[in-house]
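Heads up: the structure comes next, in structure tokens.
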Amino acid sequence: MKKEKTGGLAGIIAGDSTICICGAEEETLTYRGYSIEDLAQHASFEETAYLLLRGALPSHTELTAYQDNLKQNRSIPDALKTVLEQVPADANMMDVLRTGCSVLGNLEQESSSRDALTIADRLISSFSSQLLYWYHFHTSGKRISLKTEEECLASHILHLIHGCSPTVFHRQCLNISLILYAEHEFNASTFTVRTIASTLSDFYSAICGGIGALRGPLHGGANEKAMALIEKFKTPDEAEAAIMDMLKKKELIMGFGHRVYTTKDPRSPIIKELARKLSEEAKETRLFAIADRIEEVMWREKQLFPNVDFFSALVYHHLGIPTEMFTPLFVMARIAGWSAHLMEQRTDNKLIRPLSNYIGPEAKAWLPLANR
Ligand code: COA
């Protein structure tokens, strides 16, 4: 018997996890019990990654050792550099990272001497190096050095992009953004990672799958689309008129809405405040005013709120980051959450294999070729 259509696994609990709560009644977000507000205010991305991967906050000694370890892991093998040089200059940057991850999976295979935690840390350290090596090779012909003396990942990334150390404020902004993006329960890319891990596949295959899922504009790709939208307008009034028109045509406004949160994304006020401060610092508040008006209109007309991607776009813009790099930056943070989930899936594994709700044709008698 045919059943009603179902969609998107909305509202379905698909497994147990100790890593993150998002949504719930108060629309909160916690990593291993710590609120996103506390993490954004007090933690470094490295502390957050340690917490997600190892289950508890590091002591001072553990954090120093962890930061050193990540710092040592930033370079990439020559064979990977050679492949990155062959990836076309006009490649999508998410494809560059997916390829980089896949190649590293061949060069540094998962084994008894290279375990999941080691690979997680290696990818946290090296995704930015992989992307920026490819980027500079193809934009300026330079084979850049991937060894910076920067202590933290946020500074390393900004240094590789701009060729110099960031200001303390810019480092803090990217650091907070990486924390906000680090983990988010059973979202599409994390669930993809867990599904691949559940087949007992290798670490890199699962992460390649996660990158593929994150690339889509309904997921991580929304931050780039949000930037393209904001940049289209010259004034808040122009933005308001265009958004009203788009809503009338039932078009999606990227960076708004969420599958789990219903009234607010707790990450959004944090990232919005950074976007405001950065635009004031740059004395260029026009884009912020436009984004602010879009937020106002979306709430007034549809009771839809900005998700983390909307104001992240403006933060990255003011940090001088090219728009095509926005979703790859999401990867550089989310690799922490993906890896934590992959390891959790493995500790109590059960193959993820749901059922479909069949809505196709009734059983039919076989039709020989001559009678069709
Ligand atoms: N712009 C305009 N309308 C939107 C919208 C948006 N960004 N997000 C949801 N809606 C509308 C839908 O059109 C639908 O309207 P209808 O009831 O009149 O048909 C209603 O809100 C419910 O949306 P639905 O698509 O069922 O919600 P969902 O839970 O499946 O989708 C998202 C969640 C995130 C996929 C969706 O909000 C979206 O596409 N947002 C834009 C992409 C984005 O920012 N992604 C990043 C998420 S962190």
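As the structure lists them, so they are numbered: ligands from 1, and atoms in each ligand from 1.
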Inset, instruction - Indicate yes or no: does Asp95 engage Arg98 in a salt bridge with an N to O separation below 4.0 Å. - result: yes

Under 3.5 Å, sequence neighbours excluded: what are the donor-acceptor pairs made by side chains of residues 321-333?
{"from": "Thr327", "atom 1": "OG1", "to": "Asn223", "atom 2": "OD1", "distance (Å)": "3.0"}
{"from": "Thr327", "atom 1": "OG1", "to": "Glu224", "atom 2": "OE2", "distance (Å)": "2.7"}

Legend entry - For Ser75, side-chain contact (heavy atoms from CB on, under 4.5 Å) partners two or more places apart: none

Legend entry - Those protein residues which place at least one heavy atom below 4.0 Å from ligand 1: Pro217, Leu218, His219, Ala222, Lys250, Glu251, Leu252, Ile253, Met254, Gly255, Phe256, Gly257, His258, Arg259, Met298, Leu304, Asn307, Asp309

Inset, instruction - Measure the shortest side-chain to side-chain distance between Leu80 and Tyr133 over non-hydrogen atoms and say whether it is less than 4.5 angstrom. - result: no

Legend entry - Passing option when Glu281 is tested against Arg276, His318, His170 for side-chain hydrogen bond (donor to acceptor under 3.5 Å, both in side chains): His170

Legend entry - Set of residues satisfying side-chain contact (heavy atoms from CB on, under 4.5 Å) with respect to Lys272, sequence neighbours excluded: Phe288, Asp292, Glu295, Phe311

